[in-house]
Novice: 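A single structure is presented below for examination.
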Amino acid sequence: MPDEIEHWLRLNPQKEVYVLREDQSLKDIINPTIQPNYDMHSLLPALNASRVLKDHDEIAVIRKAINVSSIAHRTILHHITSLKTEAEVHALYLDVCIAHGTQLQAYPPIVGSGSNASFLHYFDNNDSLKGKGLLCMDAGAEWECYTSDITRTFPLTADGWPSKEAAEIYALVEETQERCIAMLGPGVRYLDAFFLADRMVAEGLLRLGIFRGEDVEEVLKSGVTRAMFPHGLGHHMGLDVHDVRSISVFQGNPQARRLDDKDDFRMQHAPCTKEAVLLEPGMVLTVEPGIYFNEFALKKLYLKDPHFAKYIDEKVLERYMHVGGVRIEDDILITKDGYENLTLAPKGKEMLDVIRDGAKCTHGEGCSFRANGVD
Ligand code: GLY
Ligand code: MN
Ligand code: MN
């Protein structure tokens, strides 16, 4: 290898060597009389730009990671009414993934029931499910170094949503996710899907009476949606679950700006940034709107700040606190004609049907769950 580098440096009069960091100097491995010119700025954007577009083989591997995770999510739904703790859910999920050949997870699974679902990165996964209404499970397996990232939020009993409020919040997140996914395709600015999600959440919460204000424009301008939708719409997914650093995926768009203090903190992960490239075939990204009723964020921060408090009806909010949090997350491939939703884990009505059928199952001989292989 040092020979090849020296050969290349002799052929290249500029003697450019692209490195990521200062400590990647070649001084100990090549002839010390050769003085390369180190460029520490160009390599990361180039690596990131190539990581954003997945080729056929990468897509096949990602598909496999998603398929295994989808089977594990479906199995959890099938068994959920007989599981008693978040830890049991976590364990069964891992059991299925490992049985299907994935030893590793793309990130530590998040299994949050009741109010635990209101914490974005809840990893304790050790609470009882007793008396809880919903469970939010964000879990994705890894296959040959490539990731998947799936979230489902579902009731813990066979007879559907535990309350009218839970059903309303799920329906709002579901419709938001469906409409955002439907607008994706080549040439689309992903940030516009995020703005649609923000608007739909604001409109929905106004309609339910949780937000108050003259109209949706006023509510959106106030920034109060962040109190209940505190993250972006999604991110690229590939070798890392958040595949590339946002600042490096830059299109040279003259209108693009860097994130500054006045920008919304939710616009941090590519492609949910102002400077992100427009969507192209071969990109794989998540779409994951969510609405959360986090006691600390709402009662200690937003309701204590008069700027935000005037847009939140505390009395109505109180009726919804038990919902905890609802997020629905799918993994989407951008294709030349639009998109393909790669995620097979059930959601919406199909998800409720799997729970109901699972509650009737004896999990005996005829039960095929955990036995299905993935090719
Ligand atoms: N599971 C991490 C994320 O959804 O971004
Ligand atoms: Mn995600
Ligand atoms: Mn996730």
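Both ligands and their constituent atoms are indexed starting at 1 by order of listing. Any value given below was found using the heavy atoms of this structure, including those in side chains, with hydrogens, waters and symmetry copies removed. The first residue of the sequence shown is numbered 1, and numbering continues consecutively from there.
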Novice: Could you pull out the atom name of the N/O/S atom in Glu329 that is nearest the Mn ion (ligand 3)?
Specialist: OE1
Novice: Would you find more than 12 non-hydrogen atoms of other residues, nucleotides or ligands less than 6.0 Å from His307 atom NE2?
Specialist: yes
Novice: Do Ile66 and Ile150 come close enough that some side-chain heavy atom pair is under 4.5 Å?
Specialist: yes
Novice: Is any NZ, NE, NH1 or NH2 atom of the basic residue among Asp331 and Arg63 found under 4.0 Å from an Asp or Glu carboxylate oxygen of the other?
Specialist: no
Novice: Taking Lys221 first and then Glu214, would you say they form a salt bridge - that is, a charged N and a carboxylate O separated by under 4.0 Å?
Specialist: no
Novice: Pairs under 3.5 Å, N/O atoms on ligand 1 and on the protein: can you put them in a table with the distances?
Specialist:
{"residue": "ligand 1", "atom": "1 (N)", "partner": "Asp138", "partner atom": "OD1", "Å": "3.2"}
{"residue": "ligand 1", "atom": "1 (N)", "partner": "Asp138", "partner atom": "OD2", "Å": "3.1"}
{"residue": "ligand 1", "atom": "1 (N)", "partner": "Asp149", "partner atom": "OD1", "Å": "3.1"}
{"residue": "ligand 1", "atom": "4 (O)", "partner": "Asp138", "partner atom": "OD2", "Å": "3.3"}
{"residue": "ligand 1", "atom": "4 (O)", "partner": "Asp149", "partner atom": "OD1", "Å": "3.4"}
{"residue": "ligand 1", "atom": "4 (O)", "partner": "Asp149", "partner atom": "OD2", "Å": "3.2"}
{"residue": "ligand 1", "atom": "4 (O)", "partner": "Glu288", "partner atom": "OE1", "Å": "3.1"}
{"residue": "ligand 1", "atom": "4 (O)", "partner": "Glu329", "partner atom": "OE1", "Å": "3.3"}
{"residue": "ligand 1", "atom": "4 (O)", "partner": "Glu329", "partner atom": "OE2", "Å": "3.2"}
{"residue": "ligand 1", "atom": "5 (O)", "partner": "His235", "partner atom": "NE2", "Å": "3.0"}
{"residue": "ligand 1", "atom": "5 (O)", "partner": "His242", "partner atom": "NE2", "Å": "2.7"}

Novice: Less than 4.0 Å between a side-chain N and a carboxylate O, is that true for Asp313 and Lys315?
Specialist: no
Novice: Can you tell me if His235 has an N, O or S atom under 2.8 Å away from the Mn ion (ligand 2)?
Specialist: yes
Novice: State whether the number of non-hydrogen atoms from other residues, nucleotides or ligands found under 6.0 Å of Lys299 atom NZ is greater than 12.
Specialist: yes
Novice: With rounding to the nearest 0.5 Å, note down the distance linking NZ in Lys164 to CZ in Arg319.
Specialist: 5.0 Å
Novice: Please find the N/O/S atom of Glu288 nearest to the Mn ion (ligand 2) and write down its name.
Specialist: OE2
Novice: Looking at Asp149, which of its N, O or S atoms is the nearest one to the Mn ion (ligand 3)?
Specialist: OD1
Novice: Report the distance from atom NZ of Lys84 to atom CG of Asp127, rounding to the nearest 0.5 Å.
Specialist: 15.5 Å
